[in-house]
Student: 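Here's a structure for you.
Remember, it's 1-based here, ligands and their atoms both numbered in the order they're listed.
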Amino acid sequence: PTEHLPSMPWFGMDIGGTLTKIVYFEPTDTSPDEEAEEVETLKNIRRYLTSNSAYGSTGHRDSHLQMNNVQICGRQGTLHYIRFPTCEMGNFLELAKSKGMATLASTICATGGGAYKFEEEFQREVNMQLHKFDELDSLLNGLHYIENNNSHELYYWEEPCDDRLCRKVPFDFSQPYPYLVVNIGSGVSILAVYGPDEYKRVSGTSLGGGTFLGLCCLLTGCSTFEEAIELAARGDHTRVDKLVRDIYGGDYGRFGLSGDTVASSFGHMHVLQRRKAVNRCDLARATLATITNNIGSIARLCAVNERIERVIFMGNFLRVNEISMKLLSFAMNFWSSGQMKALFLEHEGYFGAVGCLLELMK
Ligand code: ADP
């Protein structure tokens, strides 16, 4: 039954504005006959990918996300998740070439803007045909596949504002529709999903993960996302933002606004004394809060408009970023008076790439 399947290696690739995401299927049910026939290059690529977790100086395998014993088209295997910065594409192609990819003349399914931008380079450098798929279709296909194959994929934060009590709780998604997807990558796309093949892109904003990282680098001199998040974790945004209590002296009770609500993001920073009093951590924290809260408000407006209560946030902006997840959880719940729920996914930014891998099998 395997004759009609595409030849190995099986990859799905999402070439985004900031990060390239790769999903690699490692077969674990290879028969001795098949093993004997397998070309050396293919064996080497498998060994290289599965025995390392760093590739070159910028490629990473997220081994904590690895999924064992999955079935794809009747084959049993392991899904591996790999990422590298898209600006390193030249080095990636170089590496792929040195591993003999060109001799396999393989087809790879790709999505994201880079599938168009780099198409010729893939053909020229590694003799690879890119089959291009729409990124939003791939995202939703990938989401449903992973959600069905991983029982703890989808979760929400209980008690998001209490460091001691807060915890992740699995969310039952057996009745998924309708739901909203807020994909926070370099920019943000918001989709309303009504059924298996029924969705629309309802909104978006250019103030996304790329904006957070870019502004943070400018304001704090940091140079990586991880560093930006670490700075933010140690900062206090109330030294940067102007709060309702800074203006009212307390709550604005008539409209239910607590004194702790941000009235003006970065609103203290026009005063010299205030500027002298803030440190890099405060600036990183305020940048993170500003971008996150803005995305939260747009998401909530879209949800109200579409009459949808469950909002799934995804994209690599949420990687190692509990601060934003908890802020979104609180904000969605608070500003909707408990009507809406913010949901999150373990595989954060990989759904487009997974959706692409599945396309290869169709
Ligand atoms: P895209 O497809 O636009 O590249 P992603 O979903 O991959 O979008 O998210 C990119 C965003 O993720 C960045 O703008 C940044 O905020 C965040 N991010 C998380 N980890 C990293 C990282 N290692 N390098 C760069 N950005 C990262």
Student: To the nearest 0.5 Å, what is the distance between OH on Y145 and CZ on F351?
Tutor: 12.5 Å
Student: Hey, which residues fall under 4.0 Å of ligand 1 on heavy atoms?
Tutor: G16, G17, T18, L19, K21, R83, G185, S186, G209, G210, L213, F225, E226, G315, N316, F317, R319
Student: Give every donor-acceptor pair under 3.5 Å between a side-chain atom in residues 189-196 and any protein atom, sequence neighbours left out.
Tutor:
unit_1 : atom_1 : unit_2 : atom_2 : d
S189   : OG     : R201   : NE     : 3.1
S189   : OG     : R201   : NH2    : 3.2
Y194   : OH     : E306   : OE1    : 2.2

Student: For residues H60 and F84, establish whether the separation of their ring centroids is below 6.0 Å.
Tutor: no
Student: Could you tell me the separation between the CZ atom of R300 and the CD1 atom of I295, rounded to the nearest 0.5 Å?
Tutor: 14.5 Å
Student: What residues, two or more places apart in sequence or in another chain, satisfy salt bridge (charged side-chain N to carboxylate O under 4.0 Å, His left out) together with R310?
Tutor: none
Student: Could you work out, with side-chain contact (heavy atoms from CB on, under 4.5 Å) as the rule, every residue matching L19, not counting sequence neighbours?
Tutor: K21, N316
